[in-house]
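Treat the numbers as computed from the prediction; the structure is a model and nothing was measured. Just so you know, these numbers use all the heavy atoms, side chains as well, and skip hydrogens, waters and symmetry mates.
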Amino acid sequence: MRSKLVLLAFGTVVAACATATKFDMSPTAPSPDRRVGLRAGWMNAAAAAWNLRLVTAAPKPAAFTDDTNPGDFAFLNSDIAFTGHYVIQGNFHGLQVWDIAQPSHPTLVTTYACPDAQNDVSVYRNLLFTSGEDFNGRLDCGTQGVPDSVSKDRMRGIRIFDISDITHPKPITSVQTCRGSHTHTVVTDPNDPVNIYIYVSGSAPVRSPNELAGCSDLTPDKDPNSERFRIEVIQVPLAHPEQAHVVSKPAILADLTARESHGEAPEDIAAAAKAAAEARAKGGFTATIRGTEIVLGPRFVAARLDSIIKARGGSGAPTGADSATLRAAVQGIVDRIVNPPNPGNGPRPGPVQCHDITVYPALGIAGGACAGYGLLLDIRDPAHPRRLAAVADSNFAFWHSATFNNDGTKLLFTDEWGGGLAPKCRVTDKPEWGADAIFTVAHDTMTFRSYYKLPAPQTSNENCVAHNGSLVPVPGRDIMVQGWYQGGISVFDWTDPTHPKEIAYFDRGPMDSTKLVGAGSWSAYWYNGYIISSEIGRGLDVLELLPSGLLSQNEIDAAKLVHFDYLNVQDQPKLVWPPSFVVARAYVDQLARANGLAPDKVAAVRSALARAEGLSGQQRQDALTQLATQLNNDSQGAADQAKVRALATAVTELANGRGAGRAGL
């Protein structure tokens, strides 16, 4: 059977990667880039890695795979969340739970069929939350879809499950929202231990009030309760999650005006025109968005035809007259979704909803990636977030997600140009399009510093653009791992926000050498010592960083000291390292690499740490205290005074045997 062949092929690939592992201590990336020209294949694609090792690759279960079409949109893997030694992986067909207690041998614990888009997941204690906005998503998780344009069976919002027994998720309730939920963010409030909050970002059209009372798609000047320019905030009482409800609808996008963005690449415009002409010739429906004619999807068309049929009091299949009515009206329908009408004679309004919000409760702030803008939010009152600042960039087509550095002084936004299933990393694509944008943050001001884009060109058969990632908890540095769909996984250092630099990567060849088949890393996150990647078309990847000339073993070991009990990356935790000799040595390695401290002083510090580690009790404390005093003195003449002082602090904490706790709690 095909599923057995898939498993065998994956085992072959992993074994090959494992036996080929070598440490590369050069600070320079290999040239030519190993990612260029990789052989295509579903389970037997060639792979390239630098300073990363693929530990294992767990294939998708058969029930979540279309053997005849590996790129089937109905079976795409989506985002992941973590609790204990489990990974919960979303899929457009439902949920998968993996046990990674042995990272080299992930075990599929259970699957839960519940078709919806995108089934992005989050966890908190014994609760699991999933996003749904598909018009075919059902309250009962059935697979038959929802054919009617208005139906009591439809679920668009947040599903809540009890995962006290993670092998048997139990539905608790569903919270219906007016736009549905494309993504969501669990928000913990340090001052509210009895509730958690969920920020809901919906990208679908506003529902009919006949399906969900109170939903309005009118402009705010015509209806002050309009859903436009808002997110929805759900309050979840932890003692009674079945009472979860929408508690507020803050208008964090109010009063923003539309900003200009770049057009499509010439080859994409030509391809879209060809596809539109072919669709029209076959009776398909098209509309023009920002100057490019696109083919409208079958679900979008079916829902509108259903509304037309019901409006004339009919039933059954659409007639030729129904199709003609839709064809005459469809451009206006799309315009109202993509380009909301101007209130009065004012400027064209900005985005009407967000795509993703990353919260940082420890600092009381959030980063909102909201289509045409990047936002900085104050979330000290989590039920009522308010906008502090907004930035726009004509090089960004779609502000998608956000990540803070650990001290909150930098904020990175991603641009999902092309929507995720298009090739946007070709050699002809501009490096500032479909990239990350890095800003520094000071109070309520964001200042642009630079772009970062995957440096290896991909083929036109590989969907590739900036997508989801997380910090790698290396003390003293801002390092991020990020999924780029079929561009693979890139690890980069953005400590210097003006010069981000790739330090590791992993990539496979395209799924198909003749056409684009959607696949690749949806998200790549660091979790308790490993990088876990949700591979859209193939399964779940587990990788680990290797020591190199750009990242030392001490830095990797220090990162592994940070332990999470659970992790939702969009609910960003404050990273804290326990007192440890390896943390101190990580700082020393950084000073040596960057010449931040004179070589003779670096050697003296290494010797002093080794001597202190061999001592115990009061003798160790005295030796470390003396070293910390010397480091504070040495910092005055050091090239990197801040790093030397950070090392002195780490040594002092080691001497005193105290730390600030551990991350993830």
Going by atom types alone, do His184 and Ser131 pair a side-chain donor with an acceptor below 3.5 Å? yes
All side chain to side chain contact (heavy atoms under 4.5 Å, CB included) counterparts of Thr173, not counting sequence neighbours: Ile160
Suppose the criterion is side chain to side chain donor-acceptor pair (under 3.5 Å): which pairs have a residue in residues 465-474, not counting sequence neighbours? His400-His467, Glu416-His467, His467-Tyr485
Side-chain H-bond candidate by donor/acceptor type, Glu133 with Ser203, under 3.5 Å: yes
Who are the side chain to side chain contact (heavy atoms under 4.5 Å, CB included) partners of Asn126, not counting sequence neighbours? Asp162, Ser164
Would a 4.5 Å heavy-atom cut-off, applied to side chains only, mark Ile196 and Leu238 as touching? yes
Is there a donor-acceptor pair under 3.5 Å between the side chain of Ser394 and the backbone N or O of Glu260? no
For Ser490, the side chain to side chain contact (heavy atoms under 4.5 Å, CB included) test, sequence neighbours excluded, returns Tyr452, Leu454, Trp484, Phe492, Glu502
Below 6.0 angstrom between ring centroids: does that apply to Phe448 and Phe439? yes
Main-chain N/O of Ser174 paired to Arg159 side chain as donor or acceptor, under 3.5 Å: no
Ring pair (Phe, Tyr, Trp, His ring centres under 6.0 Å) pairs, two or more places apart, involving residues 109-130: Tyr112-Phe161, Tyr124-Tyr566
Among side-chain atoms of Tyr197 and Asp189, is any donor-acceptor pair under 3.5 angstrom? no
When Asp478, Thr495, Thr440 are each screened for side-chain hydrogen bond (donor to acceptor under 3.5 Å, both in side chains) with Lys410, the one that passes is Asp478
Side chains of Ser523 and Asp79 only: does a donor on one sit below 3.5 Å from an acceptor on the other? yes
Which residues pass the salt bridge (charged side-chain N to carboxylate O under 4.0 Å, His left out) test with Arg477, not counting sequence neighbours? Asp493, Glu555
May I ask you to decide if His563's main-chain N or O and Tyr527's side chain share a donor-acceptor pair within less than 3.5 Å? no
Quick one, Asp356 with Tyr199, criterion side chain to side chain donor-acceptor pair (under 3.5 Å). Give me CA distance, side-chain angles, the key distance, then yes/no. CA-CA 9 Å; Asp356 218 332; Tyr199 290 172; over 6 Å; no
Taking atom types as modelled, find out whether Gln572 and Asn406 have a side-chain donor-acceptor pair closer than 3.5 angstrom. no
Between the side chain of Arg259 and the main-chain N/O of Gly350, is any donor-acceptor distance below 3.5 Å? no
Kindly say whether Ala303 contributes a backbone atom to a donor-acceptor pair with the side chain of Ser307 at under 3.5 angstrom? yes
Is it the case that the side chain of Lys424 and the backbone of Gly419 share a donor-acceptor pair, with hydrogens and angles ignored and the cut-off at 3.5 Å? no
Whether the side chain of Glu232 engages the backbone of Lys249 through a donor-acceptor N/O pair (distance < 3.5 Å, no angle test) should be reported. no
Test ring-ring contact (aromatic ring centres under 6.0 Å, His included) on Phe92 and Phe73; report intermediate values, then the result. CA-CA 7 Å; Phe92 281 49; Phe73 199 82; 5.0 Å; yes
Report yes or no: do Ser401 and Thr414 form a side-chain donor-acceptor pair below 3.5 Å? yes
Under the criterion side chain to side chain donor-acceptor pair (under 3.5 Å), I'd like the reasoning laid out for Asn77 against Gln96: C-alpha separation, chi angles, the key distance, then a yes or no. CA-CA 9 Å; Asn77 282 333; Gln96 304 153 88; 2.9 Å; yes
Between the side chains of Asn119 and Asn91, is a donor N or O closer than 3.5 angstrom to an acceptor N or O? no
For residues Trp98 and Gln89, is any side-chain donor paired with an opposing acceptor at under 3.5 Å? yes
Flag, side chain of Asn405 to backbone of Gly408, donor-acceptor distance under 3.5 Å: yes
Apply the test salt bridge (charged side-chain N to carboxylate O under 4.0 Å, His left out) to residues Arg156 and Asp116: give CA-CA distance (whole Å), side-chain angles for both, the deciding distance (0.1 Å), then the verdict. CA-CA 9 Å; Arg156 291 176 61 201; Asp116 216 328; over 6 Å; no
Please check: side-chain N/O of Arg387 versus main-chain N/O of Ala254, any donor-acceptor pairing under 3.5 Å? yes
Is there a donor in the side chain of Asp134 and an acceptor in the side chain of Gln118, or the other way round, less than 3.5 Å apart? no
Is a donor from one side chain sitting under 3.5 angstrom from an acceptor on the other, for Ser521 and Ser533? yes
Are His355 and Phe398, when compared by the centres of their aromatic rings, separated by less than 6.0 Å? yes
Just by distance, with hydrogens left out, do Gln176 and Arg207 show a side-chain donor and acceptor under 3.5 Å apart? yes
Tell me yes or no: between the side chains of Asn568 and Gln570, is some donor less than 3.5 Å from an acceptor? no
Check this for me, if you would: do Arg179 and Glu227 make a salt bridge, where the nitrogen-to-carboxylate-oxygen distance has to be below 4.0 angstrom? no
N/O donor-acceptor pair under 3.5 Å between Arg138 side chain and Gly145 backbone: yes
Looking only at side-chain N and O atoms, does Thr219 offer a donor or acceptor that is under 3.5 Å from a partner on Asp223? no
